[in-house]
Amino acid sequence: MSEIKLERIDDNRLLLPQTGGMMVPGIIYANEKIHQLLKNDESTKQVANVAHLPGIVSYSLAMPDVHWGYGFPIGGVAAFDLEGGIVSPGGVGYDINCGCRLLATNLTLADIGDRLDNLTTALYQQIPSGVGSTGAVKLSGKDQKKVLEDGALWAVKAGFGTMADLETTEDEGVMTGADPEQISARALERGKQQLGTLGSGNHFLEIEVVEEIFDEKAARIFGLHKGQINIMIHSGSRGLGYQICDDYLALMVKHAQKTGIDLPDRQLACSYIDSQRGRNYLAAMACGANYAWANRQVLMHLTQAVLEKSLHLSPRELGMRLVYDVCHNIAKIETFNLQGKMKKLCVHRKGATRAFPAGHSAVPVKYQSVGQPVLIPGDMGSGSYVLVAQQKAMQETFGSACHGAGRVMSRTQAIKVSQGRSISRELANQGVIVMASSKGTLREEIPEAYKNVDDVVQVMHDSGIATKVAKLKPLACIKG
Amino acid sequence: MKKYKLLDHTADIRIEVSGKTRKDLFGNTVMAMFDLMIDMSGEDKIKGPDEKTLKVTGADLEDTLINFLREALYLFNGQRWLIRHCEPLELTGKSIIVRLKGEQYNRQKNILKTEIKAVTYHGLSINKSSKSWRAKVVFDV
């Protein structure tokens, strides 16, 4: 489909030369295997489209999990100068602060034994998931405002988890500058019912076992060891985040002519960072980000309660602790070294994880010597990776890495190829119990609909952006 | 006969809708969106339908379509109101007025197939061929 010529820079990178209205070239992290997959969709064109936006710095980047999104490609990273640069709701995505949270436990496979089935059922029944699910937490107007301003801190103060959880959450679970006045009544309404819910589509909760350790030192510091049972949660800001994105996208399209920015795709609608509308969006987006952090904090607490009850364990015996919580749909103001000068930039990560190395002030104190954990969930069958960010990420990718495996197959194709198959039985044969509120979701999310997560992660590892620490194998997965 | 078909898109749902007139096209597109979300087979009678009149504006025809679909989606995602019938009353290049018939969503009765989370501008087109109007829209799911 894509006719854009890419030039190979090295084994893991492709150059998308600057042509036409592009302000900068593009760089796609891909080995030859991933390069071949790029030819099947429009993501390369999307990397080029992003390069048209005013104030973009250095390169329009794509991580190896890149695939066709709308507006920005999924797996896209772009940094904009605060002066003359833009912020784009579509470059953040609808699900503001969609992200992953990895919970470690003291348990091993033997501790769960034959109780995995019951445990999965209990998690499925007690963690709200699926289309339009509503949560156990009902928010008053006043509480909701605090959620939007304080994020995960609100959740901890309300009794969901401990202060220690915040230490290992990106930005300590709160984005500053949130202003609830900047979000619509509709967004508030949608947010009221959904705190503490997983959602649908590719969101999940997974019980995983650490299968392999690649980096002993980093694994020890992250508190991971072979055979350990962990939980991975993937969720975001639910309807509230969607409504914020939608409201601002509509507003920016409406005023597109006034800003004079020539857009190759309306979904890229944006405002200058240094404009009232741009500032309002960032204040609204921060509300969405905080809601998502509170949501994952509540989900963690619900998960802990289910595990303790189902396995008859005390909190001390279970030993659940937060390894890390990363956000992978966001725009952030961060400082980078640009040709010897420290410069503040607005970094958009649309389906990309922040990856800050050892010594960076934003990395939790206890991970300072190794760097920030980067959490990469794979498909339902193949499991997840924990990587550790390296210095090279600061030089090449504005401190960013991939966020998952990335789809290769459309949902309709996935439904077609899974016709007549029992996906839950196939996964059960591989040793993965799957429960989903919709059979359609399972078929859309079949493992072969995704790139091989091993290939994607290998590109990050070989390019030195983020290196492998551990691989986790799924045992049970709950889907919306 | 179905008035829309699915086109390939890696992460989301992309459809092509047709209609004899522009008004038909707008009506068929909103009904296609609801058909993707909810299984309404075996249910042709609406019990005590509600009616709503909706007026939506946009910068041009394309933007009007997206804003119209957005409003319709909010009726479901925000208010749990299902559109079962859409009659476009008036359409200009920058606005539409429709009369909608629908009902409150009922978890027991209406089976949700897919959660459409948003209507996007990506790859949007509205074209007239010799006999009909066609639109392509991508939904975020």
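Each chain gets a letter, A, B and so on, in the order the sequences are listed, and its residues count up from 1.
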Should the heavy atoms of other residues, nucleotides or ligands under 6.0 Å from NZ of B/K113 be counted, would the total exceed 12?
yes

Which answer fits A/R186, side chain, backbone, both or neither, if we ask what part of it has an atom under 4.5 Å from a heavy atom of chain B?
both

Neighbour count >12 (heavy atoms, 6.0 Å) for atom CD, A/Q257
no

Please identify, among B/I66, B/V138, B/D12, the residue contributing the most non-hydrogen atom pairs under 4.5 Å to chain A.
B/D12

Answer yes or no: are there more than 12 heavy-atom neighbours, outside B/K5 itself, under 6.0 Å from its atom NZ?
no

Of all the heavy-atom pairs spanning B/G78 and A/R190, show the shortest one and how long it is.
CA-CG, 4.3 Å

Residue from A/Q46, A/Q267, A/E42 passing side-chain hydrogen bond (donor to acceptor under 3.5 Å, both in side chains) with B/H122:
A/Q46

Value rounded to 0.5 Å, distance of CD in A/E189 from CG in B/N77:
12.5 Å

If I measure from the heavy atoms of chain B, does A/E444 come under 4.5 Å with its side chain, its backbone, both, or neither?
side chain

Heavy-atom count around B/E90 CD within 6.0 Å, excluding the residue itself: above 12?
no

What part of A/L268 lies closer than 4.5 angstrom to a heavy atom of chain B: side chain, backbone, both or neither?
neither

Taking everything shown except B/K52 itself, do over 12 heavy atoms lie less than 6.0 Å from its NZ?
yes

Answer yes or no: are there more than 12 heavy-atom neighbours, outside A/K33 itself, under 6.0 Å from its atom NZ?
no

Toward chain A, the part of B/K117 with a non-hydrogen atom under 4.5 Å:
both

Gap between atom CG of B/L6 and atom CD of A/Q413 - 0.5 Å precision:
12.0 Å

When rounded to the nearest 0.5 Å, the distance separating CD1 of B/I13 from OG1 of A/T412 is 8.0 Å

Flag the one option from B/V141, B/T114, B/N67, B/L124 with the top tally of heavy-atom pairs under 4.5 Å to chain A.
B/V141

Less than 4.5 Å to any heavy atom of chain A: does that hold for the side chain of B/E62, its backbone, both, or neither?
both

Just by distance, with hydrogens left out, do B/D140 and A/Y242 show a side-chain donor and acceptor under 3.5 Å apart?
yes

Examine whether an atom of B/Y105 lies under 4.5 Å from a heavy atom of chain A, and if so say whether it belongs to the side chain, the backbone or both; otherwise answer neither.
neither

Residue B/D60 excluded, over 12 heavy atoms near CG under 6.0 Å:
yes

Which distance, rounded to the nearest 0.5 Å, do you find between the OG1 of A/T441 and the CD of B/E115?
9.0 Å

Between A/R266 and B/A59 the two heavy atoms that sit nearest each other are NH2-CB, 4.5 Å

Check for a donor-acceptor pair, side chain of A/Y94 on one end and backbone N or O of B/V119 on the other, with a separation under 3.5 Å.
yes

For a side chain to side chain contact (heavy atoms under 4.5 Å, CB included) check, start with the C-alpha distance between A/D246 and B/Y74, then their side-chain angles and the critical distance, and finish with the verdict.
CA-CA 10 Å; A/D246 208 39; B/Y74 177 75; over 6 Å; no

Of B/G123, B/G58, B/A118, the largest count of non-hydrogen pairs under 4.5 angstrom with chain A goes to B/A118

